[in-house]
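Protein chains get the first letters and strands the later ones, always in sequence-line order, with residue 1 at the start of each.
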4 protein chains.
Amino acid sequence: MPKIVDHEQYRKELLDKCFDLFAQKGYGSITMRQIAEGLGVSTGTLYHYFPSKQALFEQLAQEICEQDLSTALAELEGAQTLQESMEALGRYLVKNEDYFIKWTYIWIDFCQHKDSKKMLRNSILKRTNQRYQEAICDLLGIQDSVLPSFVVSFVDGLILEKLWGNETIDFIEQCALLGKMLTAYLPQHPAKIKTKMDFSSAFES
Amino acid sequence: MPKIVDHEQYRKELLDKCFDLFAQKGYGSITMRQIAEGLGVSTGTLYHYFPSKQALFEQLAQEICEQDLSTALAELEGAQTLQESMEALGRYLVKNEDYFIKWTYIWIDFCQHKDSKKMLRNSILKRTNQRYQEAICDLLGIQDSVLPSFVVSFVDGLILEKLWGNETIDFIEQCALLGKMLTAYLPQHPAKIKTKMDFSSAFES
Amino acid sequence: MPKIVDHEQYRKELLDKCFDLFAQKGYGSITMRQIAEGLGVSTGTLYHYFPSKQALFEQLAQEICEQDLSTALAELEGAQTLQESMEALGRYLVKNEDYFIKWTYIWIDFCQHKDSKKMLRNSILKRTNQRYQEAICDLLGIQDSVLPSFVVSFVDGLILEKLWGNETIDFIEQCALLGKMLTAYLPQHPAKIKTKMDFSSAFES
Amino acid sequence: MPKIVDHEQYRKELLDKCFDLFAQKGYGSITMRQIAEGLGVSTGTLYHYFPSKQALFEQLAQEICEQDLSTALAELEGAQTLQESMEALGRYLVKNEDYFIKWTYIWIDFCQHKDSKKMLRNSILKRTNQRYQEAICDLLGIQDSVLPSFVVSFVDGLILEKLWGNETIDFIEQCALLGKMLTAYLPQHPAKIKTKMDFSSAFES
DNA sequence: CATGAATGAGTATTCATTCAT
DNA sequence: AATGAATGAATACTCATTCAT
């Protein structure tokens, strides 16, 4: 059955190339013709592999959700102190600003094209969200979920503000501020701290 | 004398009814005909009051912003300390959760349907964003813009997470945490504080 | 019956102001609202005086036809020789270029809005055309109709070329050329010349 | 391979059928839907071959211009003298009178629906106009542009007068007159003459 | 008389989708 | 499998005209 293998593989190749196309213009604005052109195929071929624009998009969203974050977040690991971690987070956001904005657009588009009740049951979406949160837990060295939710929300909001054209926000500055606030806050609420990370610096500053 | 209509007042009435219409389908998906039908007028009449779909949206945004600000102000004005303010903010968010989710969704959808470069030059939306930020400045009694940006981003992100179906986030809990973090942070960085608000409680906890 | 007089008079006043409005944008492009604004009245008032856009335009066309050319053509009278006359014609065309282009547009619009068979019977239109031709006859001092038709056609074409955006045509230069051609041609075909004008200069050059 | 259609050839077929459609209603009044119906295709197909109404018209203009030039050339090529050329031109105009009137009408109507400033920059229309002028240059055997402009304007005006319902103008008579005037004028201004054409007849009459 | 709010069919153009080749 | 021609309903927006006040 080599044909089936080829078909499936080619479909995935096309799907991969779709991320940038959707992200650049958004689900609503990009046309199937533009996608076909971007992929270097005809609209007929595109419809041969994907039954509709909606289906294509849903497959893409699923694909994105299943991407592994670990490599991306690995960049943040070198930091010695919380402050350094947060500053690394800031640099990471700056570097990937465009990507995150695109990602947010696609995500919102995805939400728009599902009934919200199905959404909540959509395990893929939920799992992805959770994974992000866990990554933040590790970064902070904290077990509690309230603080990581705080950080995740803050980061989401940072990206959202940029998406809204707010040019006055500086990711580096904001993350540094987050670092200082955590550093000021955590020593006063020590019960929630994991043992993994050294917060001695917090007491020095 | 024409038919007795207070143009300005009728415009505002129409505007108010538009929020739900946009919320149902999003900026991009709803058509001017559907809006007109929803308002019970003809498309011609709709265009008599609003020169374009975009202008209609921008006027709605301005209206919404002013309403938000005045309700929020009323809601938060009883608070004596920063902590109380933040807790009131949490309650306010919970109370209007659906509304904020819808509004955030509409706004993002609008942004996606414009060139981001044109968006940035759009003075109405810019000014609207600024006014939210200024309100936070007043709330915190702070002149600096970094900290208000922090708070705005955090609140945005909170709503965005909910929009994405994250049910584990608790607005009250999160805002209380924000209050504690600010309370821990601000006394150590007193230069940025206005005189208006009393932070003595921060030293007690 | 003072009311009727006022009504009629006001209608004529409005009509006069319409020429520029129609000429600037053309029948098809100008809207009744724009006309009303240009006249400083409401659309309702405009419709009070003119039953429809078409009727307004037809009344305007009639008015234009009935305008007397004598004042305009008086400018050409000072010339002593044919060559001078033609050069004066060139200057006259340059001075009134915009007016003639507008006039041509309106004229074409008028033709468009009549069946051509009615057009041919339209005595006003015909009479106006004739009057132009007669004016040229006087200018040339010629009784024959072929030569004046030639000149009229040439002038029409000059304006038409300008209307088509041909910037390389110079009215002065072209009319001077017409003068030279007539001066070269007429002495060889003297039978058609009236006695009024002196063409001795033609033999000198 | 798609449906077997020679895109380019089909486009020209459609274009040819467009002339009559434009002639019936004018550029401004005919709608793309009506054109599509007249061609027996859907609006989608029409836009598949022509990106816009304006582009459709410009392509038509180009096509028409090329056809005109080749038919005119065939018609006039037998002429031995300038006078014969002009008489052939007259016969050619008479033969195609209706066609030229329609085309002139369409063209003016098109100009009215554009900003004249944008029109001037429109290279397609400019080039089309230029080609007519160049053809006259070749016909007259003249390099200078003033005289060809004269002839072009005259011919334009002849048609315009007919368009306005002037029945007294006779193309043959007028063109013969043009021939005589040129024949009288040119020998006295020999510097501008090319070598290609024989003007000896001019000296005989 | 005068106003301008209201109408709704009409405009150029777009685009997801189908299907003959 | 692959192509791209064909479709036609849908989009934002316009405008001559009507009519209640």
Problem set entry | More than 12 heavy atoms from other groups under 6.0 Å of NZ on A:Lys102 | yes
Exercise. Reading DNA chain F 5' to 3', what string of ( ), [ ], | and . shows its pairs, if Watson-Crick and G-U wobble pairs count only when both distances fall under 3.5 Å?
Worked result: .||||||||||||||||||||
Exercise. In terms of side-chain heavy atoms of D:Val41, which of F:dT3, E:dT3, F:dT7 is nearest?
Worked result: F:dT7
If I take atom [atom1] in residue [X] and atom [atom2] in nucleotide [N], what distance separates them, rounded to the nearest angstrom?
X: C:Leu39; N: E:dT3; atom1: CG; atom2: C1'; answer: 15 Å
X: D:Arg11; N: F:dA6; atom1: CZ; atom2: C1'; answer: 18 Å
X: A:Tyr49; N: F:dT3; atom1: OH; atom2: C1'; answer: 13 Å
X: B:Phe57; N: F:dA12; atom1: CZ; atom2: C1'; answer: 17 Å
X: B:Leu56; N: F:dT11; atom1: CG; atom2: C1'; answer: 15 Å
X: B:Asp6; N: E:dT3; atom1: CG; atom2: P; answer: 19 Å

Exercise. Side chains of D:Glu13 and D:Gln9: is there a donor and an acceptor less than 3.5 Å apart?
Worked result: yes
For this session: Would you check if there is a donor-acceptor pair between the side chains of B:Gln62 and B:Glu58 at a distance under 3.5 Å?
Result: no
Would you say [X] places a side-chain N or O within less than 4.0 Å of OP1 or OP2 belonging to [N]?
X: B:His48; N: E:dA6; result: no
X: B:His7; N: E:dA5; result: yes
X: A:Ser42; N: F:dG4; result: no

Any [X] side-chain heavy atom under 4.5 Å of [Y] side chain:
X: D:Ile108; Y: C:Trp107; value: no
X: D:Tyr47; Y: D:Val41; value: no
X: A:Arg11; Y: A:Gln59; value: yes

Problem set entry | Nucleic acid footprint by protein, nucleotides 11-16 of chain E - heavy-atom cut-off 4.0 Å, B for base, S for sugar-phosphate alone | BSBBBS
Exercise. With under 30° as parallel and over 60° as perpendicular, where do the rings of D:Tyr49 and D:His7 fit, or are they tilted in between?
Worked result: tilted
For this session: Take C:Leu160 and D:Thr104, measure what side chain to side chain contact (heavy atoms under 4.5 Å, CB included) needs, and give me the verdict at the end.
Result: CA-CA 10 Å; C:Leu160 194 52; D:Thr104 299; 4.1 Å; yes
For this session: With heavy atoms under 4.0 Å as the rule, sort C:Phe50 into base, sugar-phosphate or nothing.
Result: nothing
Exercise. Should the pair D:Lys53 and D:Tyr27 be classed as cation-pi, given the thresholds of under 6.0 Å to the six-membered ring centre and 45° from the axis?
Worked result: yes
